[in-house]
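The structure appears below as structure tokens.
Atoms considered below: every heavy atom in the structure, side chains included; atoms not considered: hydrogens, waters and symmetry mates. Letters go in sequence order (proteins before strands), and every chain restarts at 1. Not measured: the values here are computed from a predicted model.
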Number of protein chains: 2
Amino acid sequence: MGLSKSSLSAKAPEERRDLILRATVTVVRDRGFAGTRVSDIAEAAGTSPGLVLYHFGSLNGALDAALTLLEDEFHDDLARDLQEQVGPVERLRHMGDLGAGLGPAVGDWRLWLELWVRALHDPGARETRESLDRRWRAALRGVIEEGIACGDFSPADADAAATRLASLMDGLAIQLALDDPDMSPERLIALWWEAAVLELRMNP
Amino acid sequence: MGLSKSSLSAKAPEERRDLILRATVTVVRDRGFAGTRVSDIAEAAGTSPGLVLYHFGSLNGALDAALTLLEDEFHDDLARDLQEQVGPVERLRHMGDLGAGLGPAVGDWRLWLELWVRALHDPGARETRESLDRRWRAALRGVIEEGIACGDFSPADADAAATRLASLMDGLAIQLALDDPDMSPERLIALWWEAAVLELRMNP
DNA sequence: CAGAGTCCTGAATGAGCGTTCAGGATGGCC
DNA sequence: GGCCATCCTGAACGCTCATTCAGGACTCTG
């Protein structure tokens, strides 16, 4: 029995660390930052509270590390996802799908809400939030410019249109995250797409 | 000295209760729901922790009561504010100002963020959130219909336009609440108004 | 195979905080 | 004036955690 126990311990510390990180994201997702305890993370990761602190120094350290993991994955997923699409119209449409939670890139909007509130009080979270937002908006802006270049889009003001479409997505997604009965992924996509058509004066 | 102390106590309990409620809102505004302690509220209200519990039963009771106070005031302020404006265009413009934080009705968007996150985990907050949202959207919807009736607005889809304009306001306001360097009250107003012009096909 | 370093555990510690409570003051009522 | 209900205080209680720590096990190195 000593063996069976030890087969789990001291084995592949990097894997363990990563496991804990993902467990942290999971716990934050349904408990929120404020409700996440060290023991919750440990339990979700199938390990002991001590190990969480061993790897990350403190609860806050684990939360911060989870945040940066999230940021990196978001970046990679988004870049990969968009590359798979051909042409600005398809890419734009795909960003709508991502916003509706259909892809891995945006993930769960509840996490975004949590991040926003944490950003109100924690400088690290504030930076992560800004960085994530910047990347998302830059991607949107890139798609729009691509569309302008090839004649698919002709917005009156590309900058304003990009900001509005990004903000609209946030606002719609809030309702989705909060399970508002008036919102659904399909409706979000439809509403957002119509706004995009309007803003970008798309050529049919 | 016994007198000077007693002059503050046991005097106007309703006032005291209200004072505590307002103190609660203040504390939540800059500490957040998760960071608000009973002693913070007591200190901000210039009273003792015991009294907070005496009036509201528990910390959560105080937070909930503060939330309903907020909801009522929001409702009253919004109705009054809008009545002071003449015509749908003026009213719509005023709603933009309110969203930018210029009026008392919307108050502080940081509180809205906090409310959203609390709504993720607390049923009471969820209801308050939905109610506030409904009222705000109903007001917007009312203004839009008024504008349609008198020919100022002619949106392709009034429902969709209302939802989008409300959501856009939320999304823009998040950046304002988070002190995003790319956002300011003036920019929010301008961006939102342009969207309204576009969505509602306003007659100039 | 001995020793050292790394990884891991879970019980102990101690701080922070919600809540309780015993008691004091006030104001109204008879 | 005496009495009672209400209002109010702040010290004390007890619980919930984050964090510490002493020790055990594994892996690698020589």
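- For the pair Leu21(A)/His55(A), no side-chain contact is recorded, criterion being any heavy-atom separation below 4.5 Å from C-beta on.
- Looking at heavy atoms from C-beta onward, Phe153(B) lies in side-chain contact with Met202(B) at the 4.5 angstrom threshold.
- You'll find the side chain of Arg141(A) reaches within 4.5 Å of the side chain of Asp159(A), heavy atoms only.
- Rounded to a whole Å, the CG atom of Asp40(A) is 13 Å from the P atom of dT16(D).
- Leu51(B) places its CG atom 17 Å from the P atom of dC21(C), with the value rounded to the nearest Å.
- Within the structure, a side-chain polar atom (N or O) of Arg16(B) is placed less than 4.0 Å from OP1 or OP2 of dC8(D).
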Verdict with supporting geometry, Asp180(B) and Arg129(A), side-chain contact (heavy atoms from CB on, under 4.5 Å) = CA-CA 10 Å; Asp180(B) 195 302; Arg129(A) 200 291 302 184; 2.9 Å; yes
Filtered N/O pairs between nucleotides 18-22 of chain D and protein, under 3.5 Å:
residue	atom	partner	partner atom	Å
dA18(D)	OP2	Val38(A)	N	2.9
dT19(D)	OP2	Leu59(A)	N	2.8

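- Between Thr47(B) and the phosphate of dC8(D), there is no side-chain N or O to OP1/OP2 separation shorter than 4.0 Å.
- Residues satisfying the side chain to side chain contact (heavy atoms under 4.5 Å, CB included) test with Arg91(B), not counting sequence neighbours, are Leu82(B), Gln85(B), Val143(B), Glu146(B).
- Between Ile41(A) atom CD1 and dG10(C) atom C1' there is a gap of 17 Å when expressed in whole angstrom units.
- Rounded to whole Å, atom P of dG10(D) lies 12 Å from atom CD of Glu43(B).
- When the side-chain nitrogen and oxygen atoms of Tyr54(A) are compared with OP1 and OP2 of dC7(C), one or more of them lie within a distance under 4.0 Å.
- Remark: the Arg118(B) side chain and the Thr128(B) side chain contain no N/O donor-acceptor pair separated by less than 3.5 Å.
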So Arg137(B) and Asp170(B), salt bridge (charged side-chain N to carboxylate O under 4.0 Å, His left out) or not? Walk me through it.
-> CA-CA 11 Å; Arg137(B) 280 159 202 255; Asp170(B) 287 347; 3.5 Å; yes
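- For DNA chain D, none of the residues of residues 119-128 of chain A falls under the heavy-atom distance limit of 4.0 Å.
- Between Phe33(B) and Asp122(B) there is no side-chain heavy-atom pair separated by less than 4.5 Å.
- For Phe56(B) and dC8(D), the CZ to P distance is 11 Å, given to the nearest whole Å.
- Ion pairing of Glu73(B) with Arg22(B) is present here, as a side-chain N (NZ or NE/NH1/NH2) and a carboxylate O approach within less than 4.0 Å.
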